[in-house]
Protein chains: 2
Amino acid sequence: MSDMKSGRPGNRVRLEDVAKLAGVSMKTVSNVVHDYPHVSATTRERVQAAIDQLGYRPNLTARTLATGRTGMLALAIPEIDQPYFADLARHIGEEATRRGYRIIVEQTLKDLEAERAVIRDREEGLVDGVIFQPVRIDTMEIARLRPDTPLVLLGEGARPLTADHVMIDNVAAARDGMDLLLRQGRRRIGFLGMVRRDPTQSTHLRLLGYQESLLAADAISDPALVVETDWFGVDDGITALRAALDAGARFDALFCRDDLFAMAALRVLDRAGLRVPDDVAVLGWDDTALARYSTPALSSISPDKAAIARTTLDLLEDRMAGFDGVGRHRTVAHAIAERDTTAVSG
Amino acid sequence: MSDMKSGRPGNRVRLEDVAKLAGVSMKTVSNVVHDYPHVSATTRERVQAAIDQLGYRPNLTARTLATGRTGMLALAIPEIDQPYFADLARHIGEEATRRGYRIIVEQTLKDLEAERAVIRDREEGLVDGVIFQPVRIDTMEIARLRPDTPLVLLGEGARPLTADHVMIDNVAAARDGMDLLLRQGRRRIGFLGMVRRDPTQSTHLRLLGYQESLLAADAISDPALVVETDWFGVDDGITALRAALDAGARFDALFCRDDLFAMAALRVLDRAGLRVPDDVAVLGWDDTALARYSTPALSSISPDKAAIARTTLDLLEDRMAGFDGVGRHRTVAHAIAERDTTAVSG
DNA sequence: ATGAAAGCGCTAACAC
DNA sequence: GTGTTAGCGCTTTCAT
């Protein structure tokens, strides 16, 4: 009942209070807090007792100011509720916790100004490092800024020479997915999700792999099989695929830019009375919850998200430790999660 | 090429550097930075020029130490990649940004120790407030701790008198969902997802609403219609529902504890050759991406997540402004997103 | 093994 | 309108 003044700061227990109570100097308390070995057992005990009695917790802000380390990392992504980014955040969050960092999530909402803010905020000393999946911002704009804070880029967007980069090999992954479909004897394989004006490179790279595979397999490569969309997302996918079918397009498989477009495919195909996978196989990308839990379960290109998280943190910790070489690009493994939508009938 | 010493802190531009260059005092620079009105135009200009030339950015940590405000909020949730929490994080993140806060995401992974850490960390001055959806931790354990930092609780778990609380009326929402099903003439309505040893109250409350509706409508209330599961998640749901069907249970509707169990229902019903919604209607809870994008599209109880975010921030800002009354409990609106799985046939 | 004191960069009260 | 200065709470040489 003593200091219940609504919990406002100001009446918090400080290092000095502990020192006073224990009858030692601040340095000694600090030593105990940090498990510094050269402290006599009795002193340690006395100090610990004072800490417990007072319920002392070090002020992290003051520590940050004194040490220059915040112990925080920024994770800047377009939208946390997009299944892929939710998965990514989970993995990066876990890996960060494992290594003793906290994560500040910055949603850019695919907005250019918000992405610029991410880059600028690096300079305010709030975080030790930044993990950033840009969508809109230009490579050179990132490169131009002072490298005040370690930065690792994710995805296929901007890739300035000054920053590290983690991604999967989109072209190779697309080819792997296509090869699976081709091995099943699928020949009229459509590409769903050729997003017009996609500010990132991803769509382009995946389409490239799609084309390469088609060429190598002597399968049908027809512009009519490539379904363009106005933008990302299930609704755009539904509209576009429906229009394509109405226009007479026929597929025996759909290679989708991501799981969201694959969900669109499942919806439209179902409405059109086409069976999956018997009439049309469907392959998604990102291996999100959507893929695992849909019926039929969606096969999907599966980036190794845990590896992305590990690699990202590795690179970032290098930078935080002072490494300042030219930007490194790391390619992380991918696999194909084979489920119902590419099952071989029979 | 001057201070390119790898961007390590220490050689950052400080307020004092700006003051020196502009030939004014720190206070004046501070005034300019904060848009303090009483600064002569010429002075302001000169200072701004110095700021731009040096690329000065205020050190947020120092500001925090001086003001006691961090401008950060902690969002502690079980798992960011669970669709409901991803949605929630999106809304809370947007609302927080709107009000000028950043969000630190703390994943507790439904782990008791991690939840305790959340409560303890409040005391380290890292954040101005905490938004916390507990799963394991005991009410009294939360109540016992010093209320050093404003706290708002989410969900139906612990509800100490000392903390504010935001939730939807689970019993009423369950009844609303059941009434929809009953109006359609469904009589053998099952409850999928009676999670054994659910550490939260949610399952219990939803089941309560389910029963109340059944009773009020003189519909069939049969323990065999309540499908128990070992734990949360699609896989547990699939196992449990399959077993129930094998054991002879028959439903014309499934009221599911959440969208994950509803996805399980769609999978199992499909495999069993039962049509949705003609043979069996399915209703989920949380209105996540899973519901919107599945085929058939899942009807789902829809908590007003934007309202949850707004209300939560309102309460938190009250507390941060010094309010220290007894814990307030706010009930937020819910609706039913009606989609294919409860569509009326014909 | 422990203590004293000088910062870390900013804010805000108080002077001028 | 602008300058001085004393903190905010911790870390960290440098003594002892």
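The sequence lines fix the lettering, A, B, ..., with proteins before strands; numbering per chain opens at 1.
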**Whether A:Ser40 side chain and A:Thr43 backbone form a donor-acceptor pair below 3.5 Å** = yes

**Complete:** Quick note, B:His34 side chain, CB onward, closest among C:dA13, C:dT11, D:dG9 is C:dT11

**Complete:** note: B:Asn31, atom CG; C:dC10, atom P; distance rounded to Å ~ 14 Å

**Asked** Between D:dC8 and B:Thr64, is there an OP1 or OP2 to side-chain N/O distance shorter than 4.0 Å?
**Response** no

**Asked** Whole-Å distance between C:dT11 C1' and B:Arg69 CZ?
**Response** 13 Å

**Prompt:** Of the nucleotides D:dT11, D:dT2, C:dC10, which one has an atom closest to the side chain of B:Leu15?
**Reply:** C:dC10

**Request:** May I ask you to evaluate whether A:His38 reaches the phosphate of C:dT2, defined as a side-chain N or O under 4.0 Å from OP1 or OP2?
**Result:** no

**Complete:** Taken to the nearest whole Å, CZ/A:Arg63 to C1'/D:dC8 is 16 Å

**Prompt:** Which nucleotide in the set D:dT2, D:dT12, C:dA1 lies at the smallest distance from any side-chain heavy atom of A:Ser30?
**Reply:** D:dT12

**Asked** Checking B:Gln107 side chain against B:Ile80 main chain: does a donor-acceptor pair fall under 3.5 Å?
**Response** yes

**Under-4.0 Å side-chain N/O to phosphate OP1/OP2 contact, A:Thr28 with C:dT2** = no

**Item:** Residue mapping more 5' on DNA chain C - nearest nucleotide basis, B:Leu65 or A:Thr42
**Value:** A:Thr42

**Asked** To the nearest Å, how far apart are A:Lys20 NZ and D:dG9 C1'?
**Response** 13 Å

**Message:** Side chain of A:Ser25, heavy atoms from C-beta onward: which of C:dA1, C:dG9, C:dG3 has the nearest atom to it?
**Reply:** C:dG3

**Item:** Per B:Val24 side chain, nearest of listed nucleotides D:dG3, D:dG1, D:dT11
**Value:** D:dG3

**Fill in**
Closest to the 5' end of DNA chain D, once B:Gly23 and A:Tyr56 are matched to their nearest nucleotides, is B:Gly23

**Any donor-acceptor N/O pair, B:Arg319 side chain to B:Gly325 backbone, under 3.5 Å** = yes

**Request:** Measure the distance from CZ on A:Arg14 to C1' on D:dG7 and round it to the nearest whole Å.
**Result:** 11 Å

**Residue A:Asn59, side-chain atoms from C-beta onward, closest of D:dG9, C:dG3, D:dT4** = D:dG9

**Asked** Just checking, any donor-acceptor pair under 3.5 angstrom between side chains of A:Thr61 and A:Thr64?
**Response** no

**Request:** For B:Arg12 and C:dG9, give me the distance from atom CZ to atom P, rounded to whole Å.
**Result:** 8 Å

**Item:** Salt bridge A:Arg14-A:Asp17, side-chain N to carboxylate O under 4.0 Å
**Value:** yes

**Request:** Write down the distance between OH (B:Tyr36) and P (C:dA13), rounded to a whole number of angstrom.
**Result:** 11 Å

**Message:** Without decimals, in angstroms, what is the distance between B:Glu45 CD and D:dT2 C1'?
**Reply:** 18 Å

**Asked** Hey, does the side chain of A:Thr67 come within less than 4.0 Å of D:dT11's phosphate (OP1/OP2), counting only N and O?
**Response** no

**Item:** A:Ile308 backbone acceptor or donor facing A:Thr312 side chain under 3.5 Å
**Value:** yes

**Request:** Could you say whether B:Ala62 or B:Met26 is positioned toward the 5' end of DNA chain D, judged by the nucleotide with the nearest heavy atom to each?
**Result:** B:Met26

**Which nucleotide in D:dT2, D:dC10, C:dC10 has an atom nearest any side-chain atom of B:Thr43** = D:dT2

